[in-house]
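First up is the structure itself, then whatever we jot down about it.
Not measured: the values here are computed from a predicted model. So that the names make sense, note that chain A is the first sequence line, chain B the second, and so on, each numbered from 1. The figures that follow rest on heavy atoms only: side chains count, while hydrogens, waters and symmetry mates do not.
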Amino acid sequence: MAMDKTFDAKEAEARLYAAWEEAGCFRAGANATDGAESFSIMIPPPNVTGSLHMGHAFNNTLQDILVRWHRMRGHDTLWQPGQDHAGIATQMVVERELAKDSANATRREMGREAFLQKVWEWKQQSGGTIITQLKRLGASCDWDRNAFTMSGAPNAPEGEEGNFHDAVIRVFVEMYDKGLIYRGKRLVNWDPHFETAISDLEVENVEQPGHMWHFKYPLANGATYTYVEKDADGNVLFEEERDYISIATTRPETMLGDGAVAVHPSDERYAPIVGQLCEIPVGPKEHRRQIPIITDEYPDPDFGSGAVKITGAHDFNDYAVAKRGDIPCYRLMDTAARMRADGAPYAEAAELAMAVAKGERGLSENEADAVNLVPDDLRGLDRFEAREAVVRQITDEGLAVMVPPTDPRLGTKPPAAPEEGGEPRDEQLVPLVESKPIMQPFGDRSKVVIEPMLTDQWFVDTTKIVGPALDAVRDGTVQILPERDKKVYFHWLENIEPWCISRQLWWGHQIPVWYAPNPSGGADWMRVCAASEAEALEEIRLLWGEDTDLRLVADEREAAELLQDLVGNLTDEGAIRQPQSPSIVPVFRDPDVLDTWFSSGLWPIGTLGWPEDTDALKRYFPTSVLVTGFDIIFFWVARMMMMQYAVVGERPFDTVYVHALVRDEKGKKMSKSLGNVLDPLDLIDEYGADAVRFTLSAMAAMGRDLKLSKDRIAGYRNFGTKLWNACRFAEMNGVFGADVPEWVATPAPTQTANAWIVGETAQIRAETDAALEQFRFNDAANGLYAFVWGRVCDWYVEFAKPLLDSEDTAVQSETRATMRWVLDRCLLMLHPFMPFITEELWGTLAERDTMLVHGDWPADDPAQLVNEDAAREMSWVISLIEGVRSARAQMRVPAGMHVAMLVSGLDAAGRAAWEANAALISRTARIETLDEVDTFPKGTVTIPVGSATFGLPLEGLIDPAEEIARLEKQKAKLSKEIGGLEGRLKNPKFVESAPDEVVEEARENLAARQEEMTAIDAALDRLRELG
RNA sequence: GGGUGAUUAGCUCAGUGGUAGAGCGCUUCGUUCACAUCGAAGAUGUCAGAGGUUCAAAUCCUCUAUCACCCA
């Protein structure tokens, strides 16, 4: 049965993948030899909502190469797949689905339990998309072990068993008990659309056109000072009596929550007024709030006016200043980022804040949070409406900083001055509003502006667990590649912030903390952290007494109401109760869920069945390699390090291989909004998975972004076709016939070409392994490409043709066996990169004991198999053929014409080489005859090869002038080389200092070049005589 | 503003001190029975610039320029 001319990827890929899966080829430990070392990789879990993008394709191709390589080497291999539950993204997707049909209840209408039901339904229907897609890429994960961060959750349906949920909860409880987790009020990134805290990772900072307003904060009680600006030499540039301090802000609405104005301690301009009070220039006049002018290192004296307003509850930098200076943080917005409408009227709140500013009283965090400093007329407004209102009010009152319309900071083109011919203009001043680009944080899912918000959240006290994570990388226990990414890792961990792990969502691991009234009285709810509701209730019962009626209620509000009914002495809603002796004790669970990263932080142990001491855990943990993108070094890699050490006291992996980004061919980041996204599935449809994979690996130079173009992929698809046809040729020539012995022992062919290619193959095997050991995927891929195409297809197949046609059956069968050995090795070594086409060839060409996926990775030793004599001889043959072809092409000898050839100066080695290879040289270079001569007839084109000179007598066919030009060109090139070599060798310091082998190489090289030069000169002389 | 990296053929990029490379593209020729998703031949470089170290620098050091990314 004749093979097709090309590989039909479309038809074969699904069939081959199904065959692998059916045979269980990817199962943990498949193809492992007895007592083999283990090799394990945890997939970076894609979102359960995710679909395959180029980044996934890249990331998983690299993992698959490593996994297939190790599996073929007989290692006990596991590639653990799975998905994370992607709290916010999944919740959003499901809500959006629900919204498609107006008959559906909304999330809030249906309530938590029912909504989670919907999420699970969605997950079961659509959550497997990415798995199917990874299979199309050829990913050889052990799908039977597919993990999910929410598996085993209390409400999980059938088919979602597993214990990941329990593991996460257990870790929370353990860390809580060890004091590594606490609840506190801190500034977090708040998404006003989803009304939850989000992580830094989920915030995209985007530069947007914005405005910077300049306002006057009048000094209290009409105080004044002399404002002086000096240059670097102390000369006075500007001096003015002022009764205000000038403040610039991009977010005027936050002025309402200012707690202070800060200036740099070294700033002499404001030194006279530090310690005084100034007035926030907005809000009802009769209750204008005053705030202190303080010093702090944060303000940059050279930026704006040098003075900064401090709004601790709505800005991260300000928050730090506020903490340092004990400045109250006043929250201005509600969870949807509308201006607060709760609490006491403004007059009352302002009065309280004034007392604090004057130092007459202090405020606890919670007390400060209860104060609503939004003026009554702005309450309930959207934050952007409030901004407009604030600007308008201040400007109307004349408290905006005014400048002439010519001020360059306005960014508008000023009208021409009168002296330049413009209209005379009155000196009407305008408010200083700079138009400038500002960085704004956006929620990556919601696309709304993120609001720094002071809220109660759960935190991991990262400073307590960061130590081992740092040490492990410092002392090399864990290796990060490329090296430079260590710096990113260190930088982040050395400046680690508390990690906010609570999210105000429903989909996720609900925090295992229950609240009940405190039996010994006291202000706050009593907190009980336990692995289950039953345990929590039991603990509470112990404290309240055996016969207490614990009543589980939905939330804090319900608990408070119940208590109020029972005890009736509650004052503040949401605050504190001190029940005398309730007969029923309400208990409610913390409504928040954990950050998805908290659960993915446990990925290495959680997927292996921890906390049970499973066999998988023993075999595969710590894992071998983590392959991941540089963008999640902090968010995931660092957290896995911290958490694995905190929980099991062990490194999660030996090596982290950090890869770069896949960009479009212009180097732009692929993004939906730019429309430059290449969909890997489209590419697989068009070129086949192998071509896509090979392209990605060939371009995976460590630490460099790769720019992907379709041309490149097409090129590697062609490579597959080339391989296919080399095999097709072999098949047609009986190379894979049943009578051809498969070499098992060390091959030692007699024919030079065979001996040569065997050595070359062993060489590339060693190089491929070395490259893969070092994660140099591009070197491995490019090396194989050059070998298969450039050595095997371009030369060896040609050399083999006359041998296969040989009358001598021993030569013929040796060549068949050699070619089979070589091609099988090509298939084996290419398999991790191009699994489909190689598997198909493997199966098509011969009867095999196993599929290629479980083929034995070669271990040929170049030291044994490289035959130096054969290598030298073949290199002589190749340069002769190339020389002849080049001369023919340039002299325009018709390609098909067989010509006579002459030679002079042929030494013994050359003669032997010719005799051994005459057939193949004649065939590839189209030579009819070879005769030895002392001198060439005129009109001979000469080709120096080693010490011999070959000649093509082409009198009449060639133009002597053209041949002279050709030789002159070669001569010029040679002269340059000879010049360089001579220069070095004449330099005594070179001979003294350079290593011997370098000097020796240069000498040999020079001699060879000089020989060639002599031949060319002789040829030129002859031609000139002729001319 | 801080950090990291990049600058090599028309394009995309390899190249950790010893004769400047690959793929794609381009030009010319070629369908001889593995392959036109092919073959043969060919052209193309101040290795960003300026200094320095070295017998020797694309490679190491310093500075400059430009670009990119990350963090503020």
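For A/Gln890, whose side chain is taken as the heavy atoms from C-beta onward, the closest listed nucleotide among B/rU12, B/rU37, B/rA41 is B/rA41. Proximity note for A/Glu882 (side chain, C-beta onward) versus B/rG18, B/rA41, B/rG39: the nearest is B/rA41. The side chain of A/Asn1005 lies closest to B/rU19, out of B/rG23, B/rG42, B/rU19. Of the candidate nucleotides B/rG5, B/rA41, B/rU12, B/rA41 has the atom lying nearest to any side-chain atom of A/Ser886. Minimum atom distance to the side chain of A/Arg712 is reached by B/rU12, of the listed B/rA14, B/rU19, B/rU12. Side-chain atoms of A/Lys969 lie closest to B/rG42 of the nucleotides B/rG42, B/rC38, B/rA72.
Paired regions of RNA chain B, where each region holds three or more successive Watson-Crick or G-U pairs whose two hydrogen-bonding distances fall under 3.5 Å, are B:1-7 with B:65-71, B:10-13 with B:21-24, B:26-30 with B:38-42, B:48-52 with B:60-64.
Computed from coordinates, the A/Phe777 CZ to B/rC13 P distance equals 20 Å when rounded to whole Å. Distance, A/Glu977 CD to B/rG18 P: 17 Å, rounded to whole Å. The separation between A/Phe316 atom CZ and B/rA72 atom P is 9 Å, rounded to whole Å. Atom CZ in A/Arg776 sits roughly 9 Å away from atom C1' in B/rG15 (whole-Å rounding). For A/Asn782 and B/rG21, the CG to C1' distance is 11 Å, given to the nearest whole Å. A/Ile881 has its CD1 atom 16 Å from the P atom of B/rG39, to the nearest Å. At whole-Å resolution of the value, NZ in A/Lys486 and P in B/rG5 are 14 Å apart. If you take NE2 of A/His491 and P of B/rG5, they are 14 Å apart, rounded to a whole angstrom.
With respect to the salt-bridge test (charged N to carboxylate O, under 4.0 angstrom), the residues A/Lys10 and A/Glu686 do not qualify. Salt-bridge check for A/Asp682 with A/Lys710: failed, with every basic side-chain N at 4.0 Å or more from each acidic carboxylate O. Using a 4.0 Å cut-off between charged nitrogen and carboxylate oxygen, A/Lys971 and A/Glu977 do not count as a salt-bridge pair.
Residues A/Ser886 and A/Glu882 have side chains that never bring a donor and an acceptor to within less than 3.5 angstrom of each other. In the model, A/Glu982 has a side-chain atom that pairs as donor or acceptor with a side-chain atom of A/Gln1010 under 3.5 Å. In the model, A/Lys309 has a side-chain atom that pairs as donor or acceptor with a side-chain atom of A/Thr311 under 3.5 Å. Side-chain N/O atoms of A/Asn59 and A/His659 include a donor and acceptor closer than 3.5 Å.
Atom C1' of B/rG42 sits at a distance of 33 Å from the matching atom of B/rG49, rounded to the whole Å. For the C1' atom pair drawn from B/rA6 and B/rU59, the interatomic distance equals 15 Å after rounding to whole Å. Distance check on atom C1': B/rU62 versus B/rA9 gives 29 Å, rounded to whole Å.
Mapping A/Gly715 and A/Arg1009 onto RNA chain B via the closest heavy atom, the residue that lands nearer the 5' end is A/Arg1009.
A donor-acceptor pair under 3.5 Å links the side-chain atoms of A/Ser922 to the main chain of A/Ala918, judged by distance alone.
When heavy atoms are screened at a 4.0 angstrom cut-off, A/Arg717 is found touching base atoms of the nucleic acid. Residue-level contact check: A/Asp300 touches neither bases nor backbone, having no heavy atom under 4.0 Å from any strand.
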Below 3.5 Å is the cut-off: list the nitrogen or oxygen pairs between protein and nucleotides 55-58 of chain B, distance only.
from   : atom 1 : to       : atom 2 : distance (Å)
B/rC55 : O2'    : A/Asn987 : ND2    : 2.8

Can you name the atoms? Protein N/O to nucleotides 31-36 of chain B N/O, anything below 3.5 Å, with the distance.
from   : atom 1 : to       : atom 2 : distance (Å)
B/rU32 : O4     : A/Arg926 : NH1    : 3.4
B/rU32 : O4     : A/Arg926 : NH2    : 3.3
B/rA34 : O3'    : A/Arg728 : NH1    : 3.1
B/rA34 : O2'    : A/Asn725 : OD1    : 3.0
B/rA34 : O2'    : A/Arg728 : NH1    : 2.7
B/rA34 : N7     : A/Lys801 : NZ     : 3.4
B/rA34 : N6     : A/Cys793 : O      : 3.3
B/rA34 : N6     : A/Glu798 : OE2    : 3.2
B/rA34 : N3     : A/Asn725 : O      : 3.1
B/rA34 : N3     : A/Ala726 : N      : 3.4
B/rC35 : O4'    : A/Asn725 : OD1    : 3.1
B/rC35 : O2'    : A/Asn725 : ND2    : 3.4
B/rC35 : O2     : A/Lys722 : NZ     : 2.8
B/rC35 : N3     : A/Lys722 : NZ     : 2.9

Check: residues 783-798 of chain A side-chain donor-acceptor pairs under 3.5 Å, at least two apart:
from     : atom 1 : to       : atom 2 : distance (Å)
A/Tyr796 : OH     : A/Asn754 : OD1    : 2.6
A/Glu798 : OE1    : A/Lys801 : NZ     : 3.4
A/Glu798 : OE2    : A/Lys801 : NZ     : 3.0

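Between A/Leu683 and A/Asp685 the shortest side-chain heavy-atom distance does not fall below 4.5 Å.
The salt bridge (charged side-chain N to carboxylate O under 4.0 Å, His left out) test applied to A/Glu497 returns A/Arg186, not counting sequence neighbours. Contacts of A/Asp824 classified as side-chain hydrogen bond (donor to acceptor under 3.5 Å, both in side chains), with partners at least two apart in sequence or in another chain: A/Arg848.
A/Phe777 pairs with exactly one of A/Tyr657, A/Phe58, A/Phe833 by the ring-ring contact (aromatic ring centres under 6.0 Å, His included) rule, that one being A/Tyr657.
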